[in-house]
Amino acid sequence: MNTEKNPISIYMAPLQEYTDAVYRNAHFRLFGGVNKYFAPYLVLQNDGSVKKSTWRDILPENNPNVLPVPQILAGTSNEFATLANKIHELGYREMNWNLGCPYPMVTRRGRGSGLLPHPGRIREILDKAFTLPEINLSVKLRAGQESKDELFPVLEVLNDFPVTEIILHPRIAKDLYKAKPTGSYSRKRKKFASIRLFTTVILRRQMMQRILPNRKTFPPS
């Protein structure tokens, strides 16, 4: 929530097999202070189903304290529509599309950041997505797959759709989580006035101390 008193929105990013419903609900009860919790992505298996554990994770009855934002990992319009309709049937009206996952097992299948070099395919999927009922869609993405020059053709496409916000991880996919985040995009961002662009940050010890002042020790940054 952006207000004059609280100008910073804090989102909890999803981490497969860690930030599940048990973790999110416990965090909400014990700490709070997070504006949105994002669930680990849902992806269609070879038989067209969703893995039972990831589906169970977003069931409303398993999230009594705070409903997460479900995340979709899809590389085609049919995959996207199938997942979005399943999530919609549970009563969710907000979803997130993962264009940021950098791992080769995902990108080789044209999902996650594997779509970033193909803005035409992204447009095709969004054309389908915004024919679906009652969808508020945000997008998570990397600065590119092989080069940060891939980002702006994708933003050109996203700017043509009523995407609610974009969450940018400022590394290219081939760097995974090791390289230094790429530099500021603020100058070029000005042309994308209709997009709310958030950038992920590394929570260093000083920032964590401000968020959780009673915590005695913190892991290294």
**Request:** Specify the closest pair of heavy atoms between Gln145 and Thr107, including all atoms of both residues, with the distance to one decimal.
**Result:** NE2-CB, 3.7 Å

**Asked** Are any side-chain N or O atoms of Asn85 and backbone N or O atoms of Ala81, one a donor and one an acceptor, separated by less than 3.5 Å?
**Response** yes

**Asked** Are any side-chain N or O atoms of Arg93 and backbone N or O atoms of His88, one a donor and one an acceptor, separated by less than 3.5 Å?
**Response** yes

**Message:** If you apply the rule side-chain contact (heavy atoms from CB on, under 4.5 Å), what do you find for Val139 with Val154, and how did you get there?
**Reply:** CA-CA 11 Å; Val139 176; Val154 173; over 6 Å; no

**Prompt:** Within the distance-only criterion (no hydrogens, no angle test), does the side chain of Gln16 pair as donor or acceptor with the backbone N or O of Tyr41 below 3.5 angstrom?
**Reply:** yes

**Neighbour count above 12 (heavy atom, 6.0 Å) for Phe130 CZ** = yes

**Request:** Could you check Asn78 against Thr76 for side-chain hydrogen bond (donor to acceptor under 3.5 Å, both in side chains), going step by step and ending with a plain yes or no?
**Result:** CA-CA 5 Å; Asn78 286 337; Thr76 68; 5.5 Å; no

**Request:** Using a strict cut-off of less than 4.0 Å between a Lys/Arg side-chain nitrogen and an Asp/Glu carboxylate oxygen, indicate whether Arg142 and Asp175 qualify as a salt bridge.
**Result:** no

**Request:** For residues Tyr11 and Phe38, establish whether the separation of their ring centroids is below 6.0 Å.
**Result:** yes

**Prompt:** Between Phe31 and His27, how do the two ring planes meet: parallel, tilted or perpendicular, split at 30° and 60°?
**Reply:** tilted

**Request:** Please report the shortest heavy-atom distance between Lys128 and Ser77, naming the atom on each side.
**Result:** CB-CB, 3.7 Å

**Asked** Between the side chain of Ser138 and the main-chain N/O of Ile166, is any donor-acceptor distance below 3.5 Å?
**Response** no

**Asked** Can you name the closest pair of heavy atoms from Tyr92 and Met95 and give their distance?
**Response** O-CE, 4.2 Å

**Message:** Show the nearest heavy-atom pair for residues Cys101 and Ser113, with the distance to one decimal.
**Reply:** O-OG, 2.8 Å

**Message:** Using only atom types and a distance under 3.5 Å, with no angle test, would you say the side chain of Asn35 pairs donor to acceptor with the backbone of Ile10?
**Reply:** yes

**Request:** Classify the angle between the aromatic ring planes of Trp97 and Phe80 as parallel (below 30°), tilted (30 to 60°) or perpendicular (above 60°).
**Result:** perpendicular

**Item:** Closest contact, heavy atoms only, Val50 versus Gln45
**Value:** C-NE2, 3.7 Å

**Prompt:** Can a salt bridge be assigned to the pair Glu79 and Arg109 using a cut-off of 4.0 Å between side-chain N and carboxylate O?
**Reply:** no

**Item:** CG/Asn46: more than 12 non-hydrogen atoms of other groups inside 6.0 Å
**Value:** no

**Message:** Taking Arg24 first and then Asp57, would you say they form a salt bridge - that is, a charged N and a carboxylate O separated by under 4.0 Å?
**Reply:** yes

**Complete:** In terms of heavy-atom contacts, Ile58 and Ala39 come closest through CG2-CB, 3.8 Å

**Fill in**
One should read off an interatomic distance between Ile122 CD1 and Leu141 CG, to the nearest 0.5 angstrom, of 8.0 Å

**Message:** Has Asn63 got a side-chain atom pairing as donor or acceptor with Pro68's backbone, closer than 3.5 angstrom?
**Reply:** no

